[in-house]
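All values below were derived from every heavy atom in this structure, side-chain atoms included, with hydrogens, water molecules and symmetry-related copies excluded.
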Amino acid sequence: FFFIFVFFFVFKSDAEENLNTIEIKNPIFTTRSIDGSPYEIKAEKGIQRENYLDLFIIEAKLKTNKDIWIYLNADKGTFNQSSGEILLNSNIEVYTESDEKIFAELASSNTNSKIITLKKNVEYQGSNIFISADECIINNEFSKITYYGNVKSRILKRNSYE
């Protein structure tokens with residue numbers, strides 16, 4: 001009887017979970033944060049479960065109060081619609097229109113506070129600087145980037161004759 005009960009409970013739980021999930025093709029969320037700044041989150045596929053949306057092949061963008069767009073791309077992630085938090089993993093790229101790029105394996109961003117936390121194999125690439133670290137926090141709308149852990153930097157000296 002115990003095995004039958006366990007089998008029935010597991011089967012019922014899986015069935016309930018499947019009833020509470022909805023697959024969405026090409027979901028797009030365009031709205032505003034608490035301060036009125038626009039943001040957009042797009043994906044090739046989404047799976048809705050209550051207030052969470054599991055996303056695949058993600059393109060997101062946040063606009064700062066200084067009218068700078070911050071772009072986030074990732075292979076996978078989860079968006080919490082009620083809190084505005086997005087958790088990203090796998091092939092994360094954060095960049096701006098001024099060719100600043102930061103890569104990582106894990107990231108979280110809150111669309112209201114516009115604080116982006118990057119973790120695991122963080123790499124920054126600018127026009128003449130390269131920084132690697134264990135963790136990075138971007139705040140003040142991309143005007144302050146702080147690196148933590150094993151931080152290494154390399155600055156390329158440009159020839160003044162070029």
Report task. Enter the distance from L156:CG to N128:CG here, rounded to the nearest 0.5 Å. Result -> 6.5 Å
**Report entry** N73 side chain near I58 side chain, heavy-atom distance below 4.5 Å
**Finding:** no
Query raised in the report: Looking only at heavy atoms, what is the nearest atom pair of A104 and K119, with distance?
Result: CB-O, 3.7 Å
Requested in this report: Verify the cluster assignment for I129 and V151: are they in a single hydrophobic cluster under the rule of side-chain heavy atoms below 4.5 Å apart?
Outcome: yes
Query raised in the report: What distance do N89 atom CG and D75 atom CG have between them, rounded to the nearest 0.5 Å?
Result: 8.5 Å
Query raised in the report: Are I102 and Y147 close enough that some pair of their side-chain heavy atoms sits under 4.5 Å apart?
Result: yes
Report task. Report the C-alpha distance between F103 and Q125 in whole Å, list the side-chain angles of each, state the deciding distance to 0.1 Å, and finish with yes or no for side chain to side chain contact (heavy atoms under 4.5 Å, CB included). Result -> CA-CA 8 Å; F103 304 93; Q125 290 179 334; 3.4 Å; yes
Query - Test item: F130 and K152 side chains (from C-beta on) under 4.5 Å apart, heavy atoms - result: no
Query - Within-4.5 Å side-chain heavy-atom neighbours: I137 and E135 - result: yes
Query raised in the report: Between CZ of F79 and CG of D54, what distance do you get to the nearest 0.5 Å?
Result: 12.5 Å
Query - side chain to side chain contact (heavy atoms under 4.5 Å, CB included) evaluation trace for E23 with K45 - result: CA-CA 7 Å; E23 187 171 324; K45 178 177 138 182; 3.7 Å; yes
Query raised in the report: Between the side chains of E100 and Y124, is a donor N or O closer than 3.5 angstrom to an acceptor N or O?
Result: yes
**Report entry** Criterion side chain to side chain contact (heavy atoms under 4.5 Å, CB included) on I92 and L72, from CA distance to verdict
**Finding:** CA-CA 7 Å; I92 297 160; L72 296 101; 5.7 Å; no
Query raised in the report: With distance as the sole criterion, is a donor-acceptor pair present between the side chains of D134 and N150 under 3.5 Å?
Result: no
Report summary line: Shortest non-hydrogen pair, G46 vs L55, comes out as CA-CD2, 4.1 Å
Query raised in the report: Within a radius of less than 6.0 Å around NZ of K61, do more than 12 heavy atoms belonging to other residues, nucleotides or ligands occur?
Result: yes
Query raised in the report: Of L87, T78, I47, which meets side chain to side chain contact (heavy atoms under 4.5 Å, CB included) against Y52?
Result: T78
**Report entry** Any E105 side-chain heavy atom under 4.5 Å of S90 side chain
**Finding:** no
Requested in this report: Indicate if I131 and I70 have the same hydrophobic cluster label, given that clusters are the connected sets of ILVMFWY residues with side-chain heavy-atom separations under 4.5 angstrom.
Outcome: yes
Query raised in the report: Cation-pi between K76 and F56: NZ/CZ under 6.0 Å from ring centre and within 45° of the ring axis?
Result: no
Query - Trace of the side chain to side chain contact (heavy atoms under 4.5 Å, CB included) decision for I86 with I41 - result: CA-CA 9 Å; I86 185 165; I41 299 171; 4.1 Å; yes
Query raised in the report: Same hydrophobic cluster for I145 and V122, using side-chain heavy-atom links shorter than 4.5 Å among ILVMFWY?
Result: yes
Requested in this report: Taking the side chain as every heavy atom from C-beta outward, state whether E93 and K101 have any atom pair closer than 4.5 Å.
Outcome: yes
Query - Nearest-0.5 Å distance, CD1 of residue I115 to NZ of residue K144 - result: 10.0 Å
